[in-house]
Protein chains: 2
Amino acid sequence: MPDNLTQSPNFSAIDFLRTRSLANVVQAEIERMIVDGELKPNERVNENGLSQQLGVSRGPIREACSALAAMGLIEIIPNRGFFIRALSNDEAQDLSEARAAVFGCMAMMLAERVTDAQIAILRALLQRMDEIVELGDYHVYYPVNLEFHKQIGEMAGNNRLHLIYQSFVRELHIQRYRALASQDVLKISNAEHREIVDALESRDPIRALTAGRAHILNGIVRTRNAGRPGETAASAPSKPARKSRTAPNATGKS
Amino acid sequence: MPDNLTQSPNFSAIDFLRTRSLANVVQAEIERMIVDGELKPNERVNENGLSQQLGVSRGPIREACSALAAMGLIEIIPNRGFFIRALSNDEAQDLSEARAAVFGCMAMMLAERVTDAQIAILRALLQRMDEIVELGDYHVYYPVNLEFHKQIGEMAGNNRLHLIYQSFVRELHIQRYRALASQDVLKISNAEHREIVDALESRDPIRALTAGRAHILNGIVRTRNAGRPGETAASAPSKPARKSRTAPNATGKS
DNA sequence: ACAATACTGTTGACAATTAACAGTTGACGT
DNA sequence: ACGTCAACTGTTAATTGTCAACAGTATTGT
């Protein structure tokens with residue numbers, strides 16, 4: 001249970017995250033709650049409850065939710081409130097494909113301008129991942145893998161595209177569409193990484209695009225086969241169905 | 001001067017736009033103000049002034065700004081407030097390239113699954129644009145051009161990517177990076193459209209990607225040559241230099 | 001440098017809307 | 001005609017949407 005956020009006399013780590021104000025902290029906290037399952041998909045965000053729980057008034061919470069809604073993580077229903085957005089399987093598929101497309105594009109753009117020094121950096125990461133693959137420890141592999149992707153995004157030189165990509169990754173993460181992997185999968189994954197770097201080194205944009213896109217798409221397939229075919233979408237109640245009297249028969253008095 | 005939004009006893013068109021609440025209306029209004037130049041880049045959003053001007057309290061305005069900030073149209077500086085985001089030339093370039101990349105991706109994905117019926121629809125639009133080119137009227141051409149791009153986005157079958165693309169277009173529009181075009185430019189533009197459709201018809205993803213991306217990138221070059229090399233970024237003061245309490249009387253308590 | 005001031009960040013309270021509950025009416029089957 | 005059931009209506013509790021006021025911060029003028 002998170003402590004009171006505002007009036008603690010001596011500041012904790014919260015003061016650190018305070019890039020803007022409470023609204024920002026609240027936003028991060030809500031994202032965390034979604035990741036940790038404290039807020040489930042299709043659930044309403046109870047503003048009173050949250051404000052009480054976080055020791056903050058409703059204003060910052062509403063601001064945070066508005067921002068989250070603009071990012072697509074929260075849905076707004078008029079006079080009903082903010083709802084945690086649940087991705088249907090189709091939407092998750094779209095999101096993953098979009099991620100693949102954007103990543104492919106970044107690889108393509110990078111191939112058009114990559115320097116030898118950058119290649120060297122990527123190869124170094126590649127080697128580190130190779131070593132980790134031998135250990136077969138996914139939890140060590142994952143952050144390096146993330147770093148590899150992030151490097152490509154930054155090297156591609158298009159900040160906007162990179163931001164989009166990062167938001168995709170984060171949203172998929174929040175929605176618990178994460179790859180879990182055996183050693184074999186890690187090996188394949190890194191082989192694809194190598195193909196990407198090779199494509200970059202050959203300065204072949206199309207090849208880089210293809211390799212980058214395929215890498216993400218393959219990851220989707222692997223995730224699916226790994227046995228979580230969309231736990232959020234499948235099990236959740238379909239919609240916040242309002243079962244009031246107005247719905248079924250429009251007899252209506254006039 | 002817009003009328004009071006809240007307590008009009010008989011509803012006007014406002015009730016129509018009211019998908020959520022005042023915050024939504026305010027958001028749309030702010031976007032309009034940016035487009036119309038009432039809010040200039042790097043200018044601070046005076047919450048008091050706006051609230052007074054719109055007849056709304058500051059709450060909805062802050063929510064709207066939070067959403068806009070999440071979309072990248074507004075920048076937040078702690079304890080200074082919300083600022084209309086100004087795109088530097090580099091950022092505008094990034095944005096345009098990102099748009100080109102995403103559009104190219106959509107074309108590519110469409111090429112992998114396009115039906116003959118869809119091709120026919122695109123060809124029909126193509127022909128209409130051909131006819132308009134003869135007239136040389138940009139203002140007639142533009143909406144059809146928009147429709148063409150939108151169709152491709154929808155046909156590509158990836159909603160998320162399409163949304164991103166639309167937000168790019170809108171942001172560029174808001175930032176006044178609009179193409180103005182002579183008849184020659186229109187002719188070239190539509191020739192590129194035709195190449196895209198040809199690529200789609202040949203079911204060649206790479207060709208479609210290349211054609212789609214090139215079309216947007218060429219558009220950037222054309223816009224630049226047309227003589228507005230970034231009026232917003234070039235002329236604006238580099239950073240929020242608050243010159244004075246320009247809004248003369250924002251506070252007037254009562 | 002210091003005081004005045006305008007403005008943001010935040011809060012608590014109020015009004016409006018909604019969903020749920022209980023009570024009533026009407027119809028249908030037995 | 002009686003009893004059961006379904007649908008409809010009025011009321012209540014809960015929650016959202018909005019506002020006005022307070023406290024803290026950065027900026028301006030002297």
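If you're wondering where the values come from, they're calculated on a predicted model, not measured in any experiment.
For the pair B/Gln52 CD and C/dC7 C1', the computed distance is 14 Å after rounding to whole Å. The CD1-C1' distance, from A/Ile76 to D/dG17, rounds to 12 Å in whole Å. Rounded to a whole Å, the CD1 atom of B/Ile61 is 12 Å from the C1' atom of D/dC19. When the P atom of D/dT15 is taken as reference, atom CG of A/Leu50 falls 13 Å away, rounded to whole Å. Atom CG of A/Leu22 and atom P of D/dA23 are 17 Å apart (whole Å). The nearest whole Å value for the distance from the CG atom in A/Asn48 to the P atom in C/dA19 is 17 Å. If you take CD of A/Glu47 and C1' of C/dT11, they are 15 Å apart, rounded to a whole angstrom. Protein atom CD1 of B/Ile77 is 16 Å distant from nucleotide atom P of C/dC7, rounded to whole Å.
Remark: B/Arg160 does not engage A/Glu91 in a salt bridge, criterion side-chain N to carboxylate O under 4.0 Å.
Other residues, nucleotides and ligands contribute at most 12 non-hydrogen atoms within 6.0 Å of the CD atom of A/Gln52.
Note on B/Arg58: a base of the nucleic acid sits closer than 4.0 angstrom, heavy atoms only.
When the side-chain nitrogen and oxygen atoms of A/Arg44 are compared with OP1 and OP2 of D/dT16, one or more of them lie within a distance under 4.0 Å. Regarding contacts with the backbone of C/dA19, a side-chain N or O of A/Arg80 is found under 4.0 angstrom from either OP1 or OP2. Between A/Asn79 and the phosphate of C/dT18, there is a side-chain N or O to OP1/OP2 separation shorter than 4.0 Å. Taking 4.0 angstrom as the limit, A/Arg62 places none of its side-chain polar atoms (N or O) nearer than this to OP1 or OP2 of D/dT16.
Judged purely by distance below 3.5 Å, without hydrogens or angles, the side chains of A/Gln175 and A/Glu171 never pair a donor atom with an acceptor atom. A/His162 and A/Asn158 form no side-chain donor-acceptor contact under 3.5 Å, judged by distance and modelled atom types alone.
With A/Arg113 contributing its side chain and A/Met155 its backbone, the two residues share a donor-acceptor pair below 3.5 Å.
Side chain of A/Phe82, nearest nucleotide from D/dG17, C/dT10, D/dT18: D/dG17.
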